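See structure below.
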Amino acid sequence: MNWIILIIAGLFEVAFATCLGKAKEATGTEATYWYIGFLVCLSISMLLLMKATQELPIGTAYAVWTGIGAVGTVLIGIFVFKEPATFWRLFFITTLIVSIIGLKFVSN
């Protein structure tokens, strides 16, 4: 169950990074809503991370949480914000995904 909580926390990390990107593109009230979304997602992500680390090793949990956030944010950048999807960028994202899976398998 703690791994599921950690994955959800990572997805909220992606959401708060996405909110920052959308806020940068927005103006006025719309930007304010995106910043509020950022704060809500940040809070949820941190609370879930805190909950997951009560049972999981902190080093593993933090690495997986940031890894999910990094991979998800890069993918959002490519698909939503039209950032380049170069070979090397995708190669290193793939190695990051393999590392996250590896940490899951070697953790108790």
Side-chain angles (χ1 to χ4, degrees):
M1 184 65 176
N2 288 303
W3 282 102
I4 293 170
I5 291 170
L6 185 61
I7 290 168
I8 294 169
L11 295 175
F12 273 99
E13 185 184 6
V14 175
F16 78 68
T18 303
C19 287
L20 281 179
K22 296 300 267 183
K24 187 175 81 170
E25 294 178 345
T27 58
T29 306
E30 183 182 353
T32 302
Y33 291 144
W34 284 112
Y35 285 123
I36 291 169
F38 162 77
L39 292 173
V40 169
C41 291
L42 175 67
S43 298
I44 293 170
S45 182
M46 290 295 164
L47 288 170
L48 292 174
L49 176 63
M50 182 179 70
K51 173 74 174 139
T53 58
Q54 290 174 350
E55 297 293 325
L56 299 174
I58 186 70
T60 301
Y62 186 76
V64 169
W65 178 75
T66 57
I68 291 169
V71 169
T73 302
V74 168
L75 292 175
I76 292 293
I78 291 169
F79 292 113
V80 175
F81 297 109
K82 308 300 181 213
E83 295 175 358
T86 64
F87 169 80
W88 288 112
R89 197 167 189 205
L90 297 176
F91 172 79
F92 287 117
I93 286 298
T94 302
T95 61
L96 185 54
I97 292 168
V98 171
S99 297
I100 293 168
I101 294 168
L103 279 172
K104 188 339 187 167
F105 283 120
V106 299
S107 296
N108 296 332

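Please read these numbers as outputs of a predicted model, since none were measured by experiment. Sequential numbering from 1 along the given sequence is applied to the chain's residues. Every heavy atom of this structure was used, including side-chain atoms; hydrogens, water molecules and symmetry mates were not.
Here the shortest heavy-atom pairing between A63 and L103 reads CB-CD1, 3.6 Å. Closest heavy-atom contact between I68 and L6: CD1-O, 4.3 Å. The shortest non-hydrogen separation linking A61 to L49 is O-CD1, 4.2 Å. Taking all atoms of both residues into account, the shortest heavy-atom contact from T94 to L90 is OG1-O, 2.8 Å. The two atoms that bring I78 and P84 nearest to each other are CG1-O, 3.9 Å, heavy atoms only. Closest non-hydrogen pair, S45 versus A9, comes out as OG-O, 2.8 Å.
Taken to the nearest 0.5 Å, the CD1 atom of I8 stands 12.5 Å off from the NZ atom of K51. Here CG of L48 is found 11.0 Å from CG of N2. Values are rounded to the nearest 0.5 Å. To the nearest 0.5 Å, the span separating NZ on K24 from OH on Y35 amounts to 9.5 Å. One finds the OG1 atom of T18 at 10.5 Å from the CD atom of E13 (value rounded to the nearest 0.5 Å). Distance check: I93 CD1 to L75 CG gives 6.5 Å after rounding to the nearest 0.5 Å.
Note on W34 and L42: separate hydrophobic clusters, where clusters join Ile, Leu, Val, Met, Phe, Trp and Tyr whose side-chain heavy atoms are under 4.5 Å apart, directly or indirectly. L39 is connected to L20 through a chain of hydrophobic side-chain contacts under 4.5 Å among Ile, Leu, Val, Met, Phe, Trp and Tyr, so both are in one cluster. The hydrophobic clustering, which links ILVMFWY residues whose side-chain heavy atoms are closer than 4.5 Å, places L56 and F12 apart. Cluster membership check: V40 does not share its hydrophobic cluster with V14, using side-chain heavy-atom separations under 4.5 Å among Ile, Leu, Val, Met, Phe, Trp and Tyr. Placement of Y62 and W3 within a single hydrophobic cluster is found when ILVMFWY residues are connected by side-chain heavy-atom separations under 4.5 Å, directly or transitively.
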Practice task
Start with the C-alpha distance between W65 and M46, add both sets of side-chain angles, then the distance that settles side-chain contact (heavy atoms from CB on, under 4.5 Å), and finish with yes or no.
Solution key: CA-CA 10 Å; W65 178 75; M46 290 295 164; 3.5 Å; yes
Practice task
Show your working on side-chain contact (heavy atoms from CB on, under 4.5 Å) between F81 and E25 and close with a plain yes or no.
Solution key: CA-CA 10 Å; F81 297 109; E25 294 178 345; 3.2 Å; yes
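A perpendicular orientation is assigned to the rings of F91 and W88, their planes being inclined by more than 60° (bins at 30° and 60°). Using a 30° and 60° split on the angle between ring planes, F16 and F38 fall in the perpendicular class, above 60°.
The backbone N or O of M50 sits less than 3.5 Å from a side-chain atom of T53, completing a donor-acceptor pair.
Annotation for F79: atom CZ does not count as buried by contact number, only 12 or fewer foreign heavy atoms lying within 6.0 Å.
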